[in-house]
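For reference, the structure is listed below as structure tokens.
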Amino acid sequence: MAGTTAAHDHSPTGRSTERTMTSLLEAFHMSQSLARAPHFIKRAIVGSLVALVLALGSAPAAFAGGPLALYFYGPGNNTFVSVPSRTEISSFADSITVEARVYVFNALARQSIVSKRKDTSGGGGYELRVTPTGKLNFTTFSNTGAVKASIDSLVGLPNSNWVHVAGGFDAATGSIWVAVNGAYRSVSAANGKPAAGTTKLQLGRSLLTAGATNYLTGYIDNVHVSGVARYNGNFTPGCYDFDPNTRLLMRLDQVFLVGSTYMTPASGTGYSALGELGGSGGTVPGLIAGSECY
């Protein structure tokens with residue numbers, strides 16, 4: 001089911017195909033109107049692009065676009081995505097929301113979904129993770145790496161099913177909150193805003209002083225970090241695009257948007273100079289069919 005990034009075809013036909021694909025991707029990535037288009041229009045356009053890519057043949061799998069997600073292989077495989085610490089995803093004036101769609105094989109284990117934290121001086125940050133009892137947890141940290149606020153969901157995560165997960169801090173209500181498929185829970189945490197840490201943002205693992213840990217086994221799609229509290233009660237999860245409050249949007253099949261900077265897939269394991277997919281000593285995540293939103 002999972003695949004890895006295909007090798008480049010260096011023949012004249014392959015180079016022509018890659019040039020064609022690059023042009024298509026540049027047009028697609030930079031189109032603000034497409035990014036804000038209704039999802040049924042976007043799906044139709046992306047679907048056409050996917051069909052064209054498949055017809056052309058030799059484009060790397062990471063360029064294929066459409067409804068894809070990344071497959072994280074779990075402990076022992078060092079599979080991860082890493083994003084450098086930028087102001088947009090480190091410093092928040094008041095509120096924050098971290099959300100994604102996940103498919104966890106076994107929810108009864110501590111596993112990081114989105115982690116941007118240190119456990120040392122200069123730490124700060126936040127983490128959205130699965131608890132050993134199968135609940136969803138959102139935690140914020142001080143600049144010494146200590147916990148500022150933390151909350152577990154009342155609803156457990158299902159095994160081997162796509163689910164929308166979200167957590168955040170709401171400055172207006174002074175509360176930290178978490179939601180599983182729209183089932184919302186909050187508790188008071190007046191001082192729960194995360195401190196501005198400097199560690200890299202990780203998908204599928206935590207990166208702490210003792211090393212990488214809390215590896216996720218399963219799939220991650222549509223990671224979204226916002227500078228507002230997106231939810232304040234029970235809701236029906238929908239698809240989301242970037243807007244003025246988006247700090248990071250990772251479709252995991254086309255393009256990463258960090259602040260106003262696009263991170264596009266590069267050949268091999270890299271994600272240009274701005275991000276890292278697997279990286280040195282790491283396993284490149286596989287590609288699988290994604291969630292219903294892209």
Flag the pair D152 and R129 as a salt bridge only when some basic side-chain nitrogen lies within less than 4.0 angstrom of an acidic carboxylate oxygen.
no

Is a donor on one side and an acceptor on the other found under 3.5 Å between the side chain of S142 and the backbone of T144?
yes

Counting N and O atoms only, with roles assigned by atom type, does the side chain of Q111 sit under 3.5 Å from a partner on the main chain of A109, one being a donor and the other an acceptor?
yes

Atom CG of residue position N232 - does it have more than 12 heavy atoms of other residues, nucleotides or ligands inside 6.0 Å?
no

Taking the side chain as C-beta and beyond, is there a heavy-atom pair between T79 and Y215 under 4.5 Å?
no

May I ask you to decide if V228's main-chain N or O and N245's side chain share a donor-acceptor pair within less than 3.5 Å?
no

Taking side chain as C-beta onward, heavy atoms only, is V223 less than 4.5 Å from L203?
yes

Would you say the ring centers of Y219 and F105 fall short of 6.0 Å from each other?
yes

Between S112 and S206, does any side-chain donor sit less than 3.5 Å from a side-chain acceptor?
yes

Going by atom types alone, do S90 and S85 pair a side-chain donor with an acceptor below 3.5 Å?
yes

Heavy-atom closest contact (F242 atom, L249 atom, distance):
N-CD2, 3.6 Å

Taking every heavy atom of F138 against every heavy atom of V98, the minimum-distance pair comes out as CE1-CG2, 3.9 Å

Between P285 and V81 the two heavy atoms that sit nearest each other are CG-CG2, 4.2 Å

Compute whether any side-chain donor of one residue and acceptor of the other, for S150 and T139, lie under 3.5 angstrom apart.
yes

Verify, without hydrogens or angle tests, whether N161 (side chain) and N159 (backbone) share a donor-acceptor contact under 3.5 angstrom.
yes

Please check this pair: side chain of K193 against backbone of F92, looking for a donor-acceptor N/O pair closer than 3.5 Å.
yes

Do the side chain of T246 and the main chain of L248 share a donor and acceptor less than 3.5 angstrom apart?
no

Please check: side-chain N/O of S175 versus main-chain N/O of A189, any donor-acceptor pairing under 3.5 Å?
no

Distance only, no hydrogens: is a donor on one side chain within 3.5 Å (strictly under) of an acceptor on the other, for S291 and D221?
yes

4.5 Å side-chain heavy-atom contact, L201 and V114:
yes

Closest non-hydrogen atoms of N143 and A195, given as atom of the first, atom of the second and distance, are N-CB, 3.5 Å

N106 and T217 side chains, donor-acceptor separation under 3.5 Å:
no

In the structure I gave you, are the side-chain heavy atoms of E127 and K116 within less than 4.5 Å of one another anywhere?
no

Any side-chain donor near an acceptor of the partner, H224 and T97, under 3.5 Å:
no

Judged by atom type as modelled, is there a donor-acceptor pair below 3.5 Å linking the side chain of Y73 to the main-chain atoms of G218?
no

Say whether N214 and R110, considering side chains only, have a donor N or O and an acceptor N or O under 3.5 Å apart.
no

Side chains of T209 and K118: donor-acceptor distance under 3.5 Å anywhere?
no

Exam field: side chain T140 to backbone G192, donor-acceptor pair closer than 3.5 Å
yes

Can you tell me how far the CG atom of N222 sits from the CD1 atom of I220, to the nearest 0.5 Å?
11.5 Å

Considering all heavy atoms of both residues, which atom of L128 and which atom of V165 are nearest to each other, and what is their separation?
CD2-CG2, 4.0 Å

Close side-chain approach of N181 to W162, heavy-atom, < 4.5 Å
no

May I ask you to test the V130-K135 pair for a side-chain heavy-atom distance under 4.5 Å?
no

Y103 and V163, any side-chain heavy atoms less than 4.5 Å apart
no

If the threshold is 4.0 Å, N to carboxylate O, is there a salt bridge linking D241 and R251?
yes

Using side-chain hydrogen bond (donor to acceptor under 3.5 Å, both in side chains), reason through Q202 and S115 one step at a time and then give a plain yes or no.
CA-CA 5 Å; Q202 306 285 308; S115 179; over 6 Å; no

Return the minimal non-hydrogen interatomic distance between Y231 and Y184, and the atom names on each side.
O-CE1, 3.6 Å

Whether N137 side chain and I151 backbone form a donor-acceptor pair below 3.5 Å:
yes

When you measure from the centre of the six-membered ring of F80, is the NZ or CZ of R205 closer than 6.0 Å and no more than 45° off the axis?
yes

Please examine the side chains of T199 and L208, heavy atoms only from C-beta on, and report whether any two atoms are closer than 4.5 Å.
no

